[in-house]
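Okay, so here's the structure we're looking at.
Count residues from 1 along the sequence.
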Amino acid sequence: MMSELKLMKGNEALAEAAIREGVDAYFGYPITPQTEIIEYLMTERPEKRTGMVVLQAESEIAAINMVYGAASTGKKALTSSSSPGISLKLEGISYLAGAELPAVIVNVVRGGPGLGTIQPSQADYFQSVKGGGHGDYKLYVLAPASVQEMADFVEDAFDIAFKYRAPVLILSDGLIGQMMEKVILKDQKPRLTDAELIEKYGDWAITGKKGRERNIITSLDLQSEKMEARVHRLQKKYAQMEKEDLRFEKINCEDAEYLLVAYGSSARISQKAVELARAKGIKLGLLRPITLFPFPKQALLELADQVKGILSVELNAGQMVEDVRLSVEHKVPVEHFGRTGGIIHTPEEIVAALEQKIINNGSFRHHKTRESSIL
């Protein structure tokens, strides 16, 4: 199947991209607003197109453990859910990280806590970038801001997962998952044959013991020294991710005097807010983290020497703003603007919040006065 241009929902584009990526298996469970992923896969019958297995598990817990089993054999394994379902998967995700297994998890975020609402939210930021499950681990986190990126990030996520032998999270939300846009779908990739899989991943995957020492997949080390060595090995991977695979986008930052920081759907809305602000004579820029881990700390620190204040725009009560503040090292004021409960902020609200919280509240002047008195 050749590449083609289609009009699709974000969830559908991701599902079709998974088939074309040559994914071996999908295990999931329906939950709004990501149910279209498993519905699309069931309808498309990828077992006939590529041999891909699609299975609705009896629960989210079952699904993530099926991913663990498939990933142990070197197969490309995918699962998806929405916020409460991801919470149920966290133990298994921690096992994947501890066992150093490549896998891709998709979270189409809805509002919470609890069952909350089926409307869009970005309130799973902490859960996603601070580990979420137990133990010293991190997920490489990609945050799509369009239907095109919902499709493109499937390939990117599997590339990273196998590069580092680590689980990767695509963190979307109900807005990106449900909206329809044009998307260019890539050519079909063939799935790896068993022989190709053994050649590429036979040094660690469970492929059948043939003339070699057995491979053991586990996250368990009862000897403290070995467990500490495992944790140190994971931390080296995360440091390598920060050096080699950090991704972000700068928009109108060259002459910016003020800065918005936003990801995903909030970044889409913030981009329009930048246009509105500049029409009013406010030199506003936008930094969009594409990876939430690794986070663009150095880029923010450099911009902090240029701008007078930063507004973190999020669909939550204030989460990423903490990482923004840590990144800029108190050089400039950082404030948060968010909506919750499934309410989506407008560009006009963002500009108004910037004026109220940053430009007109005097915090920048006070900050500079304190700095001068110290000097």
Side-chain angles (χ1 to χ4, degrees), residues 109 120-130 140-146 149 169 171-173 175-176 242 246-278 282-340 344-361 363-364 367:
V109 182
S121 173
Q122 293 180 322
D124 292 4
Y125 178 88
F126 279 157
Q127 181 194 70
S128 304
V129 305
K130 307 299 182 185
Y140 186 92
V141 182
L142 284 161
S146 65
E149 288 185 341
L169 179 67
L171 188 67
S172 183
D173 63 58
L175 179 58
I176 302 294
E242 290 185 290
L246 169 69
R247 297 174 63 176
F248 61 90
E249 180 183 12
K250 289 181 179 180
I251 298 171
N252 291 107
C253 288
E254 295 81 3
D255 64 341
E257 295 180 355
Y258 300 95
L259 184 69
L260 302 179
V261 182
Y263 71 91
S265 56
S266 289
R268 290 285 292 269
I269 301 165
S270 293
Q271 193 164 349
K272 181 63 177 179
V274 169
E275 295 178 15
L276 295 179
R278 286 186 170 263
I282 302 170
K283 293 182 179 179
L284 182 61
L286 168 65
L287 185 135
R288 174 172 82 103
I290 298 173
T291 53
L292 302 183
F293 178 81
F295 193 71
K297 295 179 286 188
Q298 185 61 35
L300 274 168
L301 183 61
E302 292 170 2
L303 283 167
D305 289 326
Q306 171 186 331
V307 301
K308 300 175 181 179
I310 299 173
L311 186 68
S312 182
V313 182
E314 311 171 56
L315 290 174
N316 57 42
Q319 296 189 20
M320 183 180 67
V321 63
E322 294 191 8
D323 285 335
V324 177
R325 286 175 175 145
L326 287 170
S327 298
V328 303
E329 299 178 355
H330 305 289
K331 287 187 174 183
V332 292
V334 176
E335 299 292 343
H336 169 264
F337 174 63
R339 299 301 302 265
T340 63
I344 299 169
H345 33 47
T346 66
E348 291 80 7
E349 288 175 339
I350 294 171
V351 175
L354 176 75
E355 292 175 319
Q356 178 187 356
K357 292 172 176 282
I358 299 292
I359 298 176
N360 297 328
N361 74 352
S363 59
F364 174 66
H367 173 79

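Residues Ile176 and Ser146 approach most closely at CG2-O, 3.8 Å, considering heavy atoms. Taking all atoms of both residues into account, the shortest heavy-atom contact from Val328 to Val334 is CG2-CG2, 3.7 Å. Shortest non-hydrogen contact noted between Asn361 and Ile358 is OD1-O, 3.3 Å. Pairing each heavy atom of Gly285 with each of Ala256, the nearest pair is N-CB, 3.7 Å. Across all their heavy atoms, Ala123 and Asn316 have their closest contact at CA-CB, 3.8 Å. In this structure, Ile310 and Val307 approach most closely via the heavy-atom pair CG1-CG2, 4.0 Å.
Using a 4.5 Å heavy-atom threshold, the side chains of Leu315 and His345 count as touching. Between Pro289 and Leu287 the shortest side-chain heavy-atom distance falls below 4.5 Å. Side chains of Asp305 and Lys331 form a contact here, defined as non-hydrogen atoms less than 4.5 Å apart.
Between the OH atom of Tyr258 and the CG atom of Leu311 there is a distance of 12.0 Å, given to the nearest 0.5 Å. Taken to the nearest 0.5 Å, the CD1 atom of Ile344 stands 10.5 Å off from the OG atom of Ser121. Atom OG of residue Ser128 and atom CD of residue Gln319 lie 8.5 Å apart, to the nearest 0.5 angstrom. If you take OG on Ser270 and CG on Leu260, they are separated by 5.0 Å, rounding to the nearest 0.5 Å. The CG atom of Asn252 sits 12.0 Å away from atom NZ of Lys283, with the distance rounded to the nearest 0.5 Å.
The side-chain contact (heavy atoms from CB on, under 4.5 Å) with Val141 is formed by just one residue from the set Thr291, Leu169, Ile290; it is Leu169.
At distances below 3.5 Å, not a single donor-acceptor pair connects side-chain atoms of Asn360 with backbone N or O atoms of Gln356. When atom types are taken as modelled, the side chain of Glu314 and the backbone of Val321 share a donor-acceptor pair closer than 3.5 angstrom. One N or O on the side chain of Lys357 and one on the backbone of His336 form a donor-acceptor pair closer than 3.5 Å. Judged purely by atom type and a 3.5 angstrom limit, Gln127 has no side-chain atom pairing as donor or acceptor with the backbone of Asp124.
Ring planes of Tyr125 and Phe295: perpendicular class, angle over 60° (limits at 30 and 60°).
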Kindly list each side-chain donor-acceptor pair under 3.5 angstrom involving residues 296-303, sequence neighbours excluded, with atom names and distances?
from: Lys297; atom 1: NZ; to: Glu242; atom 2: OE2; distance (Å): 3.2
from: Gln298; atom 1: NE2; to: Glu302; atom 2: OE2; distance (Å): 3.3

Side chain to side chain contact (heavy atoms under 4.5 Å, CB included) evaluation trace for Gln122 with Val109:
CA-CA 6 Å; Gln122 293 180 322; Val109 182; 5.9 Å; no

Candidate pair Leu171 and Tyr263, rule side chain to side chain contact (heavy atoms under 4.5 Å, CB included), full reasoning
CA-CA 10 Å; Leu171 188 67; Tyr263 71 91; 4.2 Å; yes

Run the numbers on Val313 and Ile269 for side chain to side chain contact (heavy atoms under 4.5 Å, CB included), then give the verdict.
CA-CA 9 Å; Val313 182; Ile269 301 165; over 6 Å; no

Would you sort out whether Arg247 and Leu142 count as a side chain to side chain contact (heavy atoms under 4.5 Å, CB included), showing the intermediate values?
CA-CA 9 Å; Arg247 297 174 63 176; Leu142 284 161; 3.8 Å; yes

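Taking Glu257 as the reference, nothing meets the side chain to side chain donor-acceptor pair (under 3.5 Å) condition, with sequence neighbours excluded. The side chain to side chain donor-acceptor pair (under 3.5 Å) search around Lys250 returns none, not counting sequence neighbours. Legend: residues meeting side chain to side chain donor-acceptor pair (under 3.5 Å) with Glu329, ordered by chain and number and at least two apart, are absent. Every residue meeting the side-chain contact (heavy atoms from CB on, under 4.5 Å) condition with Ala277, not counting sequence neighbours, appears here in chain and number order: Ile282, Leu284, Val351. The side-chain contact (heavy atoms from CB on, under 4.5 Å) search around Gln271 returns Ile251, Leu286, not counting sequence neighbours.
Arg288 has a carboxylate O that lies under 4.0 Å from a charged side-chain N of Glu149, or vice versa, which qualifies the two as a salt bridge. Contact check on Glu322 versus Arg325 returns no salt bridge, with no Lys/Arg side-chain nitrogen under 4.0 Å from an Asp/Glu carboxylate oxygen.
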